[in-house]
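Here is the structure we will look at.
Every chain is numbered from 1 and lettered A, B, ... according to where its sequence line falls, protein lines coming before strand lines.
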2 protein chains.
Amino acid sequence: MNVSDLEQRRNKILGLIIEAYVVTASPVGSEYVAKKLRSSLSSATIRNIMVDLEEAGFLHQPHTSAGRVPTDRGYRYYVDAVMDPRHLGPEQMRQMELMLQPTELDVDQLLERAGAALSELTQQAAFVVAPTVKQSTVKQIELVPLSVRRILCVLIANEEMIASHVVEIQEPMTKDEATALARFINTEMAGLSFGDLLDSLERRMLAQNDSFYHLVKRSLNILQHALSTEPNERLFVEGMNYVVAQPEFRRDSRKAHTLLKSLDEEHELLARLHHDLGVGGVRMRIGREIQMPGLEECSYVTTPFAIGEDMVGGVGVLGPKRMDYPHIRSCVEGMARCITELLTRWEGN
Amino acid sequence: MNVSDLEQRRNKILGLIIEAYVVTASPVGSEYVAKKLRSSLSSATIRNIMVDLEEAGFLHQPHTSAGRVPTDRGYRYYVDAVMDPRHLGPEQMRQMELMLQPTELDVDQLLERAGAALSELTQQAAFVVAPTVKQSTVKQIELVPLSVRRILCVLIANEEMIASHVVEIQEPMTKDEATALARFINTEMAGLSFGDLLDSLERRMLAQNDSFYHLVKRSLNILQHALSTEPNERLFVEGMNYVVAQPEFRRDSRKAHTLLKSLDEEHELLARLHHDLGVGGVRMRIGREIQMPGLEECSYVTTPFAIGEDMVGGVGVLGPKRMDYPHIRSCVEGMARCITELLTRWEGN
DNA sequence: CGTTAGCACTCAACTATACAGAGTGCTAAC
DNA sequence: GTTAGCACTCTGTATAGTTGAGTGCTAACG
């Protein structure tokens with residue numbers, strides 16, 4: 001038997017142990033694995049292999065006479081090299097789309113429903129990182145004078161993502177001036193995000209010889225105020241009840257307490273998710289890899305969604321480390337595809 | 001000793017039992033109460049009174065040889081007739097205002113922070129029912145044609161509460177027509193809420209002889225679409241971690257599960273809160289009085305806040321029935337006053 | 001009649017002990 | 001490299017005994 005065969009067998013056994021542990025939540029013994037392998041190996045041999053896996057840091061023994069439990073490294077190796085990725089069939093995709101019932105909804109409502117559906121589907125908590133205008137590309141800007149010194153600045157990223165802010169201005173502005181200013185911004189800055197638009201205008205402010213200096217200055221002033229209270233992105237979390245119902249949190253309910261507390265501090269999690277989503281594709285973080293106090297017992301699976309080609313947000317599932325990674329991965333992936341499709345179709349018409 | 005004296009003594013003892021139970025979370029015995037009363041009565045007498053209180057339905061005995069625990073009715077009687085209402089001093093109010101740090105915030109962010117502060121302060125979950133434009137009074141409506149068949153409808157309730165929606169229209173509309181239509185709506189309908197505005201327009205549609213029939217029809221068409229995806233109100237919940245950390249939920253963690261699950265169904269709770277806030281003033285609901293499955297072990301204290309004279313939303317605290325009602329009541333009341341003041345001051349300038 | 005001391009009684013909660021069973025590591029044989 | 005066999009370890013559970021907080025009742029007292 002060559003090395004590769006041995007390794008494959010080891011992987012197989014690690015997979016069986018993890019998959020059993022995921023459903024039972026209690027240590028897995030050699031006898032059980034031997035039975036699963038239909039006696040192609042005896043429990044004694046399995047035990048030898050389990051010792052190897054423990055030495056490799058993939059398994060852990062709670063106490064001498066107990067079965068084995070996967071470690072963070074074990075899960076990591078499993079998702080990277082062992083589990084076979086499942087994919088949703090077209091029928092399941094259709095069902096998922098149906099769950100969203102995208103009639104008469106704006107983007108926020110669609111995403112909220114997507115979170116709820118994903119949570120229901122996976123029986124874990126689901127989260128959505130929702131886009132706001134700030135990081136979207138400028139489609140159109142409208143300036144409407146409300147009174148002599150107050151102007152309404154409307155930022156349009158697409159049909160369904162609009163933000164409006166009233167801005168106080170120093171010098172009065174006529175309706176025509178406002179129209180001209182808006183046209184200036186629209187034509188000059190198409191294709192940038194609102195955030196980048198600000199940067200670009202700031203740079204032009206510094207290059208004082210710009211022939212549109214005055215227009216630039218006014219635009220910048222108004223946009224800065226308009227965007228100042230606009231968040232970069234928002235986070236919805238749905239279905240935490242499923243997570244606290246898991247045995248790891250029921251046994252020790254202070255874990256549930258700290259978990260919920262950590263989630264109330266959205267900013268930290270958002271930063272982490274932002275990074276993961278930036279990489280693109282499905283990302284999984286397991287236990288300590290999340291590097292957030294209170295989430296040591298958890299894992300998440302997340303992937304970005306897009307409008308057209310632009311990655312604008314992300315969806316994911318959060319649960320105990322002991323989660324059904326293949327299933328959850330396929331659900332998250334499918335949901336992101338589904339959202340991307342709907343948003344893109346929407347954007348199109 | 002006359003009847004009133006006896007009743008007062010009974011109340012006093014009920015109060016002591018509840019206040020002890022609130023901090024210890026375990027049944028209260030006669031000995032403890034006697035000690036608290038500095039031996040003005042013996043434990044035997046207390047026991048007799050406790051039997052009365054139990055027969056009145058205010059107390060319950062988990063088992064023969066245990067102390068007493070308050071019932072829902074007991075808490076109700078306590079908050080109605082026994083507890084002395086505390087109020088926040090001016091110093092505490094000032095501190096609360098400081099916690100909100102109302103600089104560079106829009107209404108939503110202010111309210112979210114208010115929820116967080118209230119949760120921190122009471123060490124329970126806090127919620128905010130936040131206003132949306134839909135139920136606010138119309139301050140101004142702007143219509144901006146974006147293209148031949150698409151019009152941007154901006155609904156302004158006040159500086160910080162604005163909603164914008166793109167509406168597809170059947171017949172093309174010029175810029176001047178849009179301006180005229182907006183002016184029509186603004187002058188005719190000032191003082192109504194956006195919801196009522198719709199109703200009013202609908203009524204005028206039916207009275208076909210209205211001289212502005214055409215304007216009414218167009219307005220209605222546009223506003224209906226603009227408001228169709230706008231929710232009536234939103235609910236923020238902050239700090240559920242404090243609640244699940246309470247012993248009643250730690251002992252039986254399926255209670256925590258069902259509690260969180262019930263809260264995910266926002267609509268039901270919102271309806272109930274809407275009713276309570278409509279009454280005005282501080283409202284308290286205890287246990288089953290909430291009439292929501294999953295919240296039997298909880299109570300909430302809620303009170304509306306206003307902009308000027310208009311009640312536009314509410315804040316409250318949700319926790320286990322075993323909560324410090326006087327303290328929480330004063331915090332909720334103070335926070336609502338604080339929010340009202342800030343929003344009203346804001347509106348003014 | 002309200003109050004109180006005294007006392008027997010009850011029941012949850014804790015402790016100690018024994019025991020069954022699941023699972024391991026090791027050894028010797030194949 | 002694999003396996004049967006076996007002694008060993010440790011948890012979880014069941015059982016019984018003990019403790020102690022708290023009650024209800026009764027009889028006596030002012």
[X]: which residues meet the ring-ring contact (aromatic ring centres under 6.0 Å, His included) condition with it, sequence neighbours left out?
X: Tyr242(A); answer: none
X: Tyr77(B); answer: Phe58(B)
X: Phe249(A); answer: none

| said: Using 0.5 Å steps for rounding, measure from the CD atom of Glu19(B) to the CG atom of Leu14(B). | reply: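 Glu19(B) atom CD to Leu14(B) atom CG measures 9.0 Å (nearest 0.5 Å).
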For a quick test of your reading: what N or O donor-acceptor pairs under 3.5 Å do the side chains of residues 114-125 of chain B make, sequence neighbours left out?
| unit_1 | atom_1 | unit_2 | atom_2 | d |
| --- | --- | --- | --- | --- |
| Ser119(B) | OG | Gln124(B) | O | 2.9 |
| Thr122(B) | OG1 | Leu118(B) | O | 2.8 |
| Thr122(B) | OG1 | Gln124(B) | N | 3.3 |
| Gln123(B) | NE2 | Glu120(B) | O | 3.0 |

| request: Determine which bases of DNA chain C form Watson-Crick or G-U wobble pairs with both distances under 3.5 Å, and write the result as a 5' to 3' dot-bracket string with | for other-strand partners. | output: ||||||||||||||||||||||||||||||
| request: List in chain and number order the residues that pass side chain to side chain donor-acceptor pair (under 3.5 Å) with Glu238(A), two or more places apart in sequence or in another chain; answer none if no residue qualifies. | output: none
| Mind checking what makes side chain to side chain donor-acceptor pair (under 3.5 Å) contact with His60(B), not counting sequence neighbours? | none
| request: Report the distance from atom CD1 of Ile13(B) to atom C1' of dG2(C), rounded to the nearest whole Å. | output: 13 Å
| request: Could you tell me the separation between the CZ atom of Arg10(B) and the P atom of dG2(C), rounded to a whole number of Å? | output: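 Spelled out: CZ on Arg10(B) to P on dG2(C) is 14 Å.
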| said: Can you list, in residue-number order, the parts of residues 46-59 of chain A that come under 4.0 Å of DNA chain D, counting heavy atoms only? | reply: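 Nucleic-acid contacts, sorted: Arg47(A), Asn48(A).
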| message | Let's see if you get this right: which residues in residues 15-36 of chain B place a heavy atom under 4.0 Å from DNA chain D? | response |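 DNA chain D contact set from residues 15-36 of chain B: Gly29(B), Ser30(B).
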| query | So among Leu273(A), Leu295(A), Asp276(A), which one has a side chain to side chain contact (heavy atoms under 4.5 Å, CB included) with Ile290(A)? | reply | Leu295(A)
| message | Using side-chain heavy atoms (C-beta onward) and a distance below 4.5 Å, is Val28(A) in contact with Val33(A)? | response |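 Yes, at least one pair of side-chain atoms sits under 4.5 Å.
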| task | Sequence neighbours left out, what passes salt bridge (Lys or Arg N to Asp or Glu O under 4.0 Å) with Arg272(A)? Give chain and number order. | result | none
| query | Which one, dT4(C), dT2(D), dG25(C), comes nearest to the side chain of Thr45(B)? | reply |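 Shortest atom-to-atom distance from the side chain points to dT4(C).
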| message | At under 4.0 Å between heavy atoms, how does the protein contact nucleotides 8-21 of chain C? Give one character per nucleotide, 5' to 3', with B, S or -. | response | --BBS---------
| query | Quick one: salt bridge (Lys or Arg N to Asp or Glu O under 4.0 Å) pairs with a partner in residues 58-87 of chain A, sequence neighbours left out? | reply | Glu54(A)-Arg68(A), Asp72(A)-Lys321(A), Arg76(A)-Asp80(A), Arg76(A)-Glu289(A), Arg86(A)-Asp324(A)
| Derivation of the side chain to side chain contact (heavy atoms under 4.5 Å, CB included) call for Val301(A) and Val79(A) | CA-CA 11 Å; Val301(A) 178; Val79(A) 301; over 6 Å; no
| Counting only side-chain N and O atoms of Arg68(B), is one of them less than 4.0 Å from OP1 or OP2 of dG24(D)? |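 For dG24(D), OP1 or OP2 has a side-chain N or O of Arg68(B) closer than 4.0 Å.
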| request: For atom CD of Glu296(A), decide whether the heavy atoms of other residues, nucleotides or ligands shown that lie under 6.0 angstrom number more than 12. | output: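 Counting neighbours around CD of Glu296(A), more than 12 heavy atoms of other residues, nucleotides or ligands fall under 6.0 Å, so yes.
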